[in-house]
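I have placed the structure first, in the form of structure tokens, so that the comments after it can refer back to it.
In this chain, residues are counted from 1 in sequence order. Here the structure is a predicted model, which is why all the values come from computation and not from measurement. Each ligand, and each atom within it, is numbered from 1 in the order the structure gives.
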Amino acid sequence: MRFPRAIIASMALVVPALASKEVTQQALLKTAENAVPGESALFTTYTGKQTPLASNYTQVINATGTGVPGADDLLFQNLLSAEWVIYSFYQQAVEIFNSSSFTRLGFPNTTYERIREIRNNEAGHARIFQDNISENSLKPGPCTYSFGFGDDAMKFLALQIYIEVASQAFLTGLQLQATLNVSRSTLAALGQVEARHSTWALIENWKVSPFSGPSDTAYPYANQILDMTNSFISSCPSANPEYPSPRQNLPQMVFWANGTTAAPGSQIQPYFYQASNKPKFETGKDYYAVFYHGVNTISVPYDWKKGIVTIPKQIDVASGIIIVNIADEKDAPTEASVVAGPMAILEQPTALTTEEPDAITQ
Ligand SMILES: *[C@@H]1O[C@H](CO)[C@@H](O)[C@H](O)[C@H]1NC(C)=O
Ligand SMILES: *[C@@H]1O[C@H](CO)[C@@H](O)[C@H](O)[C@H]1NC(C)=O
Ligand SMILES: *[C@@H]1O[C@H](CO)[C@@H](O)[C@H](O)[C@H]1NC(C)=O
Ligand SMILES: *[C@@H]1O[C@H](CO)[C@@H](O)[C@H](O)[C@H]1NC(C)=O
Ligand SMILES: *[C@@H]1O[C@H](CO)[C@@H](O)[C@H](O)[C@H]1NC(C)=O
Ligand SMILES: *[C@@H]1O[C@H](CO)[C@@H](O)[C@H](O)[C@H]1NC(C)=O
Ligand SMILES: *[C@@H]1O[C@H](CO)[C@@H](O)[C@H](O)[C@H]1NC(C)=O
């Protein structure tokens with residue numbers, strides 16, 4: 001197939017200068033304090049192990065004004081706290097691993113390079129969110145995190161799909177909270193990048209179809225998805241606001257991976273893993289396991305005494321992500337009707353469903 005000449009001209013690709021020499025990277029790092037996402041190689045092709053972020057951006061940034069907070073300040077504060085989780089996940093990997101950590105396991109020789117680029121992108125997200133919080137609100141700083149992958153590159157890559165899918169889900173859900181139109185388009189634009197990250201991993205690393213069906217999963221209560229990332233947080237600067245805000249602090253839920261394929265039609269047994277935060281089910285009251293897949297919501301009765309539910313078999317061939325919560329009303333019509341969860345069931349690659357509970361209960 002031939003493209004018309006005009007299209008070819010407009011497709012002209014800017015070939016980035018190959019800046020692989022360490023000295024060039026050091027020079028690039030010196031520009032970090034004034035680097036703008038979308039205008040700096042620090043957020044794209046930078047190859048250093050050291051963070052691309054200047055130190056005056058990797059801490060709590062106090063409000064400098066006392067006026068009215070921006071209309072979406074709270075949303076972007078929540079997002080920035082979430083982004084510190086995602087960025088730190090990649091920054092830790094860039095520091096711990098090198099190219100041979102992945103090639104040794106049979107993954108492509110570009111894997112480390114891609115992880116590093118994704119780290120750069122995520123650092124850019126953090127800067128974008130900082131810039132989108134007005135001067136009248138504090139910008140949360142990074143916490144310390146424990147992801148549990150240690151020096152296990154395989155475990156890191158398995159968890160990577162979970163992290164990306166969770167970030168797509170909250171970026172989509174937070175659009176329901178945005179006040180400004182420009183915030184909505186920012187959220188959509190960033191969600192696309194997270195989708196590219198997981199698409200790359202699914203094709204190149206896991207050799208599976210990257211598609212998730214006609215729609216990715218929309219989950220209406222984004223703060224509940226954000227709260228799932230608290231399981232990775234060890235401790236935060238005391239000045240940071242509560243995360244997420246507001247926080248329901250619902251009992252977190254995973255499922256036992258033994259004895260299930262976790263595919264539509266199979267049974268799963270939810271497990272509330274926080275010893276001090278278990279759901280308080282009332283005898284005689286009806287509960288539902290509410291499944292979200294694509295833009296659909298399907299409820300099935302949840303008998304908390306048996307604690308086993310069947311994933312609705314009408315959900316299409318195992319693909320993408322299913323999000324489940326336990327609610328005390330059919331279809332969980334309000335945030336308050338959710339009594340536990342949510343949890344994410346990854347339907348690709350299948351093997352990863354067995355990693356997930358481990359990874360998030362450590
Ligand atoms: C970080 O430092 C740069 C260069 O001095 C400055 O322009 C920028 O305002 C600083 N940002 C913050 C949040 O302190
Ligand atoms: C930010 O404010 C807190 C208390 O309000 C103060 O302790 C801290 O030093 C301030 N940070 C900076 C960088 O000015
Ligand atoms: C990668 O790291 C391992 C151990 O962590 C080390 O033995 C190896 O030399 C490193 N490889 C490269 C190419 O730096
Ligand atoms: C990376 O892998 C590709 C394809 O497997 C191969 O063609 C290429 O030579 C490899 N590059 C390096 C630097 O090893
Ligand atoms: C977010 O920041 C970008 C520049 O980094 C700006 O173009 C955009 O308007 C900001 N959006 C909001 C909602 O402040
Ligand atoms: C957002 O866009 C819609 C449709 O163009 C418009 O009606 C509305 O006024 C905009 N809202 C804001 C806050 O700008
Ligand atoms: C899975 O393992 C847990 C913990 O050992 C056990 O309680 C549960 O009954 C097992 N489920 C199945 C379906 O085997």
Phe147 and Phe149 aromatic ring geometry - parallel, tilted or perpendicular at 30°/60° bounds:
parallel
Element-labelled atoms of ligand 6 that are located less than 4.0 Å from some non-hydrogen atom of Asn181:
1 (C), 2 (O), 3 (C), 8 (C), 10 (C), 11 (N), 12 (C), 14 (O)
Can you see which heavy atom on Ile268 is nearest to which on Pro270, and at what distance?
O-CD, 3.5 Å
With a cut-off of 4.0 Å, which atoms of ligand 4 are near a heavy atom of Asn109?
1 (C), 2 (O), 3 (C), 8 (C), 10 (C), 11 (N), 12 (C), 14 (O)
Spell out, as yes or no, whether a donor-acceptor pair under 3.5 Å connects the side chain of Ser40 to the backbone of Pro37.
no
Looking at Arg114 and Glu117, is any side-chain nitrogen of the basic one under 4.0 Å from a carboxylate oxygen of the acidic one?
yes
Test of ring centre spacing under 6.0 Å for Tyr112 and Phe97
no
Show, in sequence, the C-alpha distance, side-chain angles and deciding distance for Ser146 and Ser234, and conclude whether the side-chain hydrogen bond (donor to acceptor under 3.5 Å, both in side chains) test is met.
CA-CA 6 Å; Ser146 171; Ser234 307; 5.0 Å; no
Just by distance, no angles: are the side chains of Tyr243 and Thr229 close enough, under 3.5 Å, to form a donor-acceptor pair?
yes
Using a 4.0 Å cut-off on heavy atoms, what residues surround ligand 1? Order them by chain and number.
Glu33, Asn34, Asn56, Tyr57, Ile61
